Amino acid sequence: PHRTVNSPDVAAAVTRLTREGVIAPEQAVLFGRVARGELVSLSVAIIEPDTNVASTVEQAFTSLGFQAHVLADGDVVDFIRQRTPSVILLNVELPRGSGYSFCNRLKKQADLKRIPIILTSGMETAEAFAQHQKSATHADAYIHKPLSVDQLLDQVSRLVPEAFPDGKPALPVDAAP
């Protein structure tokens with residue numbers, strides 16, 4: 001049998017489950033948004049060849065209710081076009097090309113240019129990021145590695161305000177790549 005649960009019932013259940021440790025506080029934020037009917041379908045595309053970084057970021061975002069799509073290698077533009085994510089996390093150093101060139105290609109596509117891109121790099125200098133930022137097809141944010149999930153959430157909350165309407169959620173201490 002299926003029944004509809006009203007918002008106060010869900011809010012009370014979420015509070016109880018959080019207090020009992022059944023769900024984490026960041027999941028409570030997600031359930032609260034569902035209860036208020038505010039939840040929108042959010043997704044992140046993670047273009048990252050380092051499987052450890054990709055896995056950590058994927059776990060963090062899925063725990064916050066995002067769908068996460070991970071690509072370690074392949075055609076970035078086709079991957080993005082098929083998924084149309086809310087935000088793109090794009091590493092500069094990729095096996096088959098530069099994150100800069102993929103960023104430029106994505107920002108030139110009429111159907112994809114509105115998607116915010118966060119470029120990451122463990123090897124690029126601040127000067128290289130600044131130079132790319134001057135281009136017409138620049139990324140929306142730049143983060144040097146090692147990065148933290150908290151840094152990513154700061155940028156996502158700035159670039160996709162509907163992602164966290166109640167403010168950026170706190171993540172467990174161990175959720176950092």
Side-chain angles (χ1 to χ4, degrees), residues 26 29-30 33 38-169 171 175-177:
E26 63 272 9
V29 170
L30 172 65
R33 290 174 58 203
E38 297 173 356
L39 190 62
V40 293
S41 178
L42 297 169
S43 62
V44 59
I46 304 163
I47 319 301
E48 172 60 62
D50 183 325
T51 55
N52 290 329
V53 172
S55 176
T56 301
V57 172
E58 178 184 22
Q59 284 180 321
F61 278 96
T62 56
S63 76
L64 295 170
F66 281 72
Q67 289 183 331
H69 309 285
V70 179
L71 177 69
D73 188 20
D75 189 328
V76 173
V77 176
D78 283 346
F79 181 79
I80 297 302
R81 182 164 278 122
Q82 291 170 9
R83 286 156 184 85
T84 57
S86 308
V87 64
I88 301 165
L89 177 63
L90 177 60
N91 190 47
V92 171
E93 299 85 25
L94 296 172
R96 293 191 212 179
S98 161
Y100 289 128
S101 64
F102 285 119
C103 177
N104 295 341
R105 286 178 54 203
L106 290 165
K107 291 296 187 180
K108 287 180 181 176
Q109 305 294 316
D111 59 332
L112 303 176
K113 66 182 177 183
R114 63 161 186 77
I115 302 171
I117 298 175
I118 301 171
L119 268 178
T120 66
S121 175
M123 299 181 355
E124 289 297 311
T125 63
E127 292 79 21
F129 274 178
Q131 187 64 35
H132 186 260
Q133 206 165 14
K134 293 176 186 174
S135 74
T137 54
H138 60 83
D140 300 278
Y142 298 80
I143 300 177
H144 283 99
K145 291 181 180 178
L147 55 84
S148 70
V149 171
D150 196 53
Q151 285 176 297
L152 289 174
L153 293 179
D154 281 340
Q155 293 302 326
V156 170
S157 66
R158 181 179 66 81
L159 298 169
V160 188
E162 66 272 19
F164 309 116
D166 297 327
K168 184 185 79 172
L171 283 175

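A quick note: this is a predicted structure, and the numbers were derived from the prediction, not measured.
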Output for pair (Leu89 CG, Phe61 CZ), nearest 0.5 Å, gives 7.0 Å
Between the CD1 atom in Ile80 and the CG atom in Asp111, the distance rounded to the nearest 0.5 Å is 11.5 Å
Of all heavy-atom pairs linking Leu119 and Tyr100, the shortest is CD1-CD2, 3.7 Å
For Leu90 and Cys103 the tightest heavy-atom approach is CD2-N, 3.8 Å
In this structure, CD of Glu48 is separated from CG of Leu71 (nearest 0.5 Å) by 10.5 Å
task = Indicate yes or no for a side-chain donor-acceptor contact from His144 to the backbone of Glu124 under 3.5 Å, with no hydrogens or angles considered.
result = yes
Mark yes or no for whether Thr56, through its side chain, and Asn52, through its backbone, hold a donor-acceptor pair below 3.5 Å.
yes
Open item on the list: Does either side chain, that of Ser121 or that of Glu93, offer a donor lying less than 3.5 Å from an acceptor on the other one?
Closed with: yes
- Task: Please report the C-alpha distance between Asp73 and Leu94 in whole Å, then the side-chain angles of each, then the deciding distance to 0.1 Å, and finally whether the side chain to side chain contact (heavy atoms under 4.5 Å, CB included) criterion is met.
- Result: CA-CA 7 Å; Asp73 188 20; Leu94 296 172; over 6 Å; no
dist Ile143:CD1 -> Gln155:CD (nearest 0.5 Å) comes out at 5.0 Å
*Under-4.0 Å salt bridge between Arg114 and Asp140*: no
Check your understanding: Hey, does Pro116 have a side-chain heavy atom less than 4.5 Å from the side chain of Ile88?
Key -> no
Tyr142 vs Ile118, side chain to side chain contact (heavy atoms under 4.5 Å, CB included): CA-CA, chis, key distance, verdict:
CA-CA 6 Å; Tyr142 298 80; Ile118 301 171; over 6 Å; no
Can you tell me if Thr84 uses its side chain to pair, donor with acceptor, with the backbone of Arg81 under 3.5 Å?
no
Of all heavy-atom pairs linking Gly122 and Lys145, the shortest is CA-CB, 3.7 Å
Problem set entry | Side-chain H-bond candidate by donor/acceptor type, His132 with Asn104, under 3.5 Å | yes
In this structure, CG of Asn91 is separated from CD1 of Ile47 (nearest 0.5 Å) by 10.0 Å
Looking only at heavy atoms, the pair that brings Ser43 and His69 closest together is CB-NE2, 3.9 Å
- request: Answer yes or no: is there a donor N or O on one side and an acceptor on the other, between the side chain of Arg83 and the main chain of Phe79, under 3.5 Å?
  value: yes
Run Leu153 and Leu64 through side chain to side chain contact (heavy atoms under 4.5 Å, CB included) and show every step you take.
CA-CA 10 Å; Leu153 293 179; Leu64 295 170; 3.7 Å; yes
Looking only at heavy atoms, the pair that brings Val92 and Phe129 closest together is CG2-CE2, 4.1 Å
*For the pair Lys107 (side chain) and Ile115 (backbone), establish whether a donor and an acceptor sit closer than 3.5 Å, ignoring hydrogens and angles.*
yes
Nearest heavy-atom contact between Leu42 and Ser86 is CA-OG, 3.3 Å
Taking Phe164's backbone N and O only, do any of them form a donor-acceptor pair with Ser157's side chain (distance below 3.5 Å, no angle check)?
no
